Amino acid sequence: MNTIIGAGIKIGVNWINAWIEQKRTDQMMLAARDEKMMQAMLDNQKAQANDPFVKATRRVLFMSITFTLCFLMIYYALNPGITYDVIVPRGDSSRLGIFSWFFGARDYDLVQMTGGLLLTSFFDLCFMVVGFYAVPSKRR
C-alpha cells in the first residue's frame with residue numbers, strides 16, 4: 001500500500017513538474033524572440049543539468065542508502081537472535097493500512113519481530129528511494 005502511495009505521489013509530482021516546466025518554457029519562448037537569447041537559455045539549462053553538486057549529492061544519497069542496506073543484511077545474518085518490540089493495530093483497526101494511522105486505531109498489540117523481518121520492509125523503502133535518486137525524473 002505504501003509503495004503504491006509513494007509511486008502515485010511521484011507520478012503526480014512529475015506531472016505537476018512537467019506542467020510547470022511547460023508553462024515556464026512557453027513564457028521563455030514568448031520572451032525570447034531572437035536566436036541568441038534562445039541559445040543562451042539552452043546553454044544555461046545544459047550547464048544546470050551538468051551541475052556537479054547535484055550529481056554528487058545524488059551519488060552520496062544513493063551510496064549511503066545502498067551501503068546501509070548491505071550493512072544491515074550482513075549484521076542481521078550474523079546476529080539472527082536480535083528482536084524488536086513493535087506496536088501494531090489490533091484486529092479490524094489495521095484494515096485501513098496507512099490511513100488507520102491518521103484516523104487512529106482503538107486497540108494495539110505488542111509483537112516481537114526479528115531484525116531480518118524488519119529488513120524485508122526496508123527493502124521496499126530502499127528500492128523506492130534508490131530509484132528516486134538513481135533515476136532522474138526530468139527528461140532532457
Side-chain angles (χ1 to χ4, degrees):
M1 178 83 166
N2 291 341
T3 304
I4 293 170
I5 291 171
I9 290 171
K10 185 168 183 180
I11 290 170
V13 168
N14 281 336
W15 282 343
I16 291 170
N17 283 340
W19 178 71
I20 290 171
E21 183 70 23
Q22 182 61 40
K23 282 189 70 160
R24 188 175 72 84
T25 303
D26 291 344
Q27 289 173 350
M28 289 190 326
M29 292 286 275
L30 291 172
R33 302 223 181 231
D34 60 326
E35 186 64 32
K36 287 184 180 182
M37 185 65 175
M38 187 61 92
Q39 188 62 39
M41 288 189 318
L42 288 172
D43 292 340
N44 184 27
Q45 283 186 346
K46 287 179 184 177
Q48 287 179 353
N50 292 327
D51 184 14
F53 179 74
V54 172
K55 288 182 178 181
T57 54
R58 280 184 180 268
R59 288 182 181 135
V60 166
L61 288 169
F62 171 78
M63 295 304 283
S64 64
I65 292 168
T66 304
F67 288 150
T68 301
L69 177 66
C70 292
F71 168 76
L72 288 174
M73 286 171 45
I74 293 168
Y75 183 77
Y76 288 132
L78 295 175
N79 302 301
I82 295 175
T83 60
Y84 298 98
D85 292 331
V86 180
I87 298 173
V88 295
R90 180 184 300 163
D92 287 341
S93 301
S94 63
R95 67 187 159 102
L96 296 175
I98 192 172
F99 298 113
S100 65
W101 185 76
F102 293 114
F103 300 119
R106 293 182 205 93
D107 297 324
Y108 293 95
D109 281 330
L110 186 68
V111 296
Q112 264 193 343
M113 299 177 82
T114 63
L117 187 58
L118 287 175
L119 188 63
T120 58
S121 298
F122 184 67
F123 271 111
D124 296 334
L125 174 70
C126 180
F127 290 139
M128 285 188 300
V129 174
V130 166
F132 177 75
Y133 286 116
V135 178
S137 62
K138 197 170 190 181
R139 293 185 297 262
R140 295 273 178 213

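Note that this is a predicted model, so its numbers are computed, not measured.
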Q) How far apart are the C-alpha atoms of Ile11 and Asn14, what are their side-chain angles, what is the distance that settles it, and do they pass the side chain to side chain contact (heavy atoms under 4.5 Å, CB included) test? A) CA-CA 5 Å; Ile11 290 170; Asn14 281 336; 5.7 Å; no
Distance-only criterion, 3.5 Å: show the donor-acceptor pairs between side-chain atoms of residues 63-72 and protein atoms not counting sequence neighbours.
{"residue": "Ser64", "atom": "OG", "partner": "Val60", "partner atom": "O", "Å": "3.1"}
{"residue": "Ser64", "atom": "OG", "partner": "Leu61", "partner atom": "O", "Å": "3.0"}
{"residue": "Thr66", "atom": "OG1", "partner": "Phe62", "partner atom": "O", "Å": "2.8"}
{"residue": "Thr68", "atom": "OG1", "partner": "Ser64", "partner atom": "O", "Å": "2.7"}

Q) Does Leu78 CG have over 12 foreign heavy atoms under 6.0 Å away? A)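 Enclosed.
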Q) So does Leu110 have more than 12 non-hydrogen atoms from other groups sitting under 6.0 Å from CG? A)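 Atom CG in Leu110 is packed in, count exceeds 12.
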Q. Can you tell me how far the OG1 atom of Thr83 sits from the CG atom of Leu118, to the nearest 0.5 Å?
A.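 The CG atom of Leu118 is 10.0 Å from OG1 of Thr83, to the nearest 0.5 Å.
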Q. To the nearest 0.5 Å, what is the distance between CG (Leu117) and OH (Tyr84)?
A.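 If I round to the nearest 0.5 Å, the distance is 12.0 Å.
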